[in-house]
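Structure first, commentary second.
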Amino acid sequence: MMAGCRQIDVHLEDRTPHKWIVPLTEEVFQAFLSKGNQAIRKVFGDGSFFSPMLFGKFFDPSDAFPLWEFEADVLLSILRASGNNQVDWTQNDKEYVLKAELPGVGEDSLQVCVEKGKILEVSGQWKQSTDPKARDWKSSHWWEHGFVRRIELPENADWKKTEVTVKNDIILEIKIPMKSSTIPTRRGDDSD
């Protein structure tokens, strides 16, 4: 593995499954962002993979987004034109590839998991809870303590072979191979 590149384990179950139980609304997000410091604006600001406004209108990042059902060129055209684009995704005949800038905080807490083979979740805790009664950050609003983006995987994704790397502690790259397109032969169809 080249220098500056580290592999991230992909978990098959979320280690903190109830952390996203409080939905984020647009009004709450705008109020939170307006009071936030530079780190918060970097995590959730324009062009960030973790921003609820990434796709042009408000979308709670804890909800699963069917990313590969949309053309990246169309969905990200405004961000690309403004120079604020910090995320990209592509696909070829073998795999889906997602690249995103990390928000610059919490790289060590980065967690990637695949939920029931259908949802890919990228999350991280970047601020510890200040409530001494809280045993973990799920008892508060998740966006005050961490970041998340949930993506609905395509039907043909071979999620068990997902590879995640972080390059130079800045670029997150996720490669999700496609299942091989072998068509099973039915019995009785062997003759020509």
Side-chain angles (χ1 to χ4, degrees), residues 4-6 8 14 16 19-90 96-113 119-131 134 136-152 164-176:
C5 186
R6 62 186 168 103
I8 302 292
D14 190 349
T16 51
K19 65 181 173 286
W20 315 121
I21 58 174
V22 180
L24 178 61
T25 64
E26 186 168 3
E27 297 78 26
V28 169
F29 172 70
Q30 294 299 347
F32 169 68
L33 195 62
S34 69
K35 296 177 194 170
N37 59 25
Q38 186 176 3
I40 288 172
R41 283 192 285 281
K42 191 171 186 180
V43 172
F44 296 106
D46 290 344
S48 170
F49 179 61
F50 302 100
S51 171
M53 301 301 290
L54 176 64
F55 301 110
K57 63 179 185 174
F58 183 83
F59 186 86
D60 186 343
S62 66
D63 290 336
F65 190 84
L67 187 67
W68 282 279
E69 289 182 16
F70 295 88
E71 292 289 330
D73 290 339
V74 174
L75 204 52
L76 297 176
S77 62
I78 295 171
L79 289 175
R80 287 181 175 152
S82 70
N84 282 335
N85 192 29
Q86 299 173 28
V87 62
D88 200 8
W89 69 91
T90 57
Y96 300 96
V97 180
L98 170 66
K99 292 181 182 180
E101 283 186 36
L102 290 171
V105 288
E107 289 95 343
D108 293 332
S109 71
L110 186 69
Q111 176 180 287
V112 180
C113 67
I119 307 293
L120 175 79
E121 179 181 283
V122 179
S123 64
Q125 185 176 0
W126 58 274
K127 176 181 168 187
Q128 296 294 323
S129 174
T130 55
D131 182 356
D136 58 32
W137 50 311
K138 71 184 177 187
S139 59
S140 185
H141 296 133
W142 60 263
W143 54 89
E144 294 174 354
H145 305 284
F147 50 89
V148 64
R149 174 63 72 186
R150 290 168 51 87
I151 298 169
E152 190 177 309
V164 180
T165 55
V166 176
K167 296 178 182 175
N168 302 320
D169 287 331
I170 297 172
I171 304 297
L172 170 71
E173 183 175 81
I174 301 173
K175 293 183 178 183
I176 307 164

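Keep in mind that this is a model prediction, so the values were computed, not measured.
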Identify, with sequence neighbours excluded, every residue that meets side chain to side chain contact (heavy atoms under 4.5 Å, CB included) alongside [X].
X	result
Glu69	Pro66, Glu152
Phe59	Asp63, Phe65, Arg149
Thr25	Glu27, Val28
Glu173	Val97, Lys99, Thr165, Lys167, Lys175

With side chain to side chain contact (heavy atoms under 4.5 Å, CB included) as the criterion, how do Ile151 and Trp68 come out once you've worked through the C-alpha distance, each side chain's angles and the decisive distance to 0.1 Å? CA-CA 9 Å; Ile151 298 169; Trp68 282 279; 3.5 Å; yes

[atom2] on [Y] to [atom1] on [X], rounded to 0.5 Å:
X	Y	atom1	atom2	result
Arg6	Asn168	CZ	CG	10.5 Å
Phe147	Leu110	CZ	CG	6.0 Å
Leu102	Ile171	CG	CD1	7.5 Å
Asp73	Thr90	CG	OG1	10.0 Å
Ile176	Leu98	CD1	CG	7.0 Å

State, to 0.1 Å, how close [X] and [Y] come at their nearest heavy-atom pair, and which atoms those are.
X	Y	result
Trp143	Phe32	O-CZ, 3.2 Å
Val22	Trp142	O-NE1, 3.0 Å
Asp60	Leu24	OD2-N, 2.8 Å

Taking the side chain from Arg150 and the backbone from Glu121, do they hold a donor-acceptor pair closer than 3.5 Å? no

Stepwise side chain to side chain contact (heavy atoms under 4.5 Å, CB included) test for Tyr96 and Leu120: CA-CA 12 Å; Tyr96 300 96; Leu120 175 79; over 6 Å; no

Applying side chain to side chain donor-acceptor pair (under 3.5 Å), name anything that partners Asn37, two or more places apart in sequence or on another chain. none

Could you pull out all donor-acceptor pairs under 3.5 Å where a side-chain atom in residues 45-54 meets a protein atom, sequence neighbours excluded?
from	atom 1	to	atom 2	distance (Å)
Ser48	OG	Val43	O	2.6
Ser48	OG	Phe50	N	3.1
Ser51	OG	Phe44	O	3.1
Ser51	OG	Met53	N	3.0

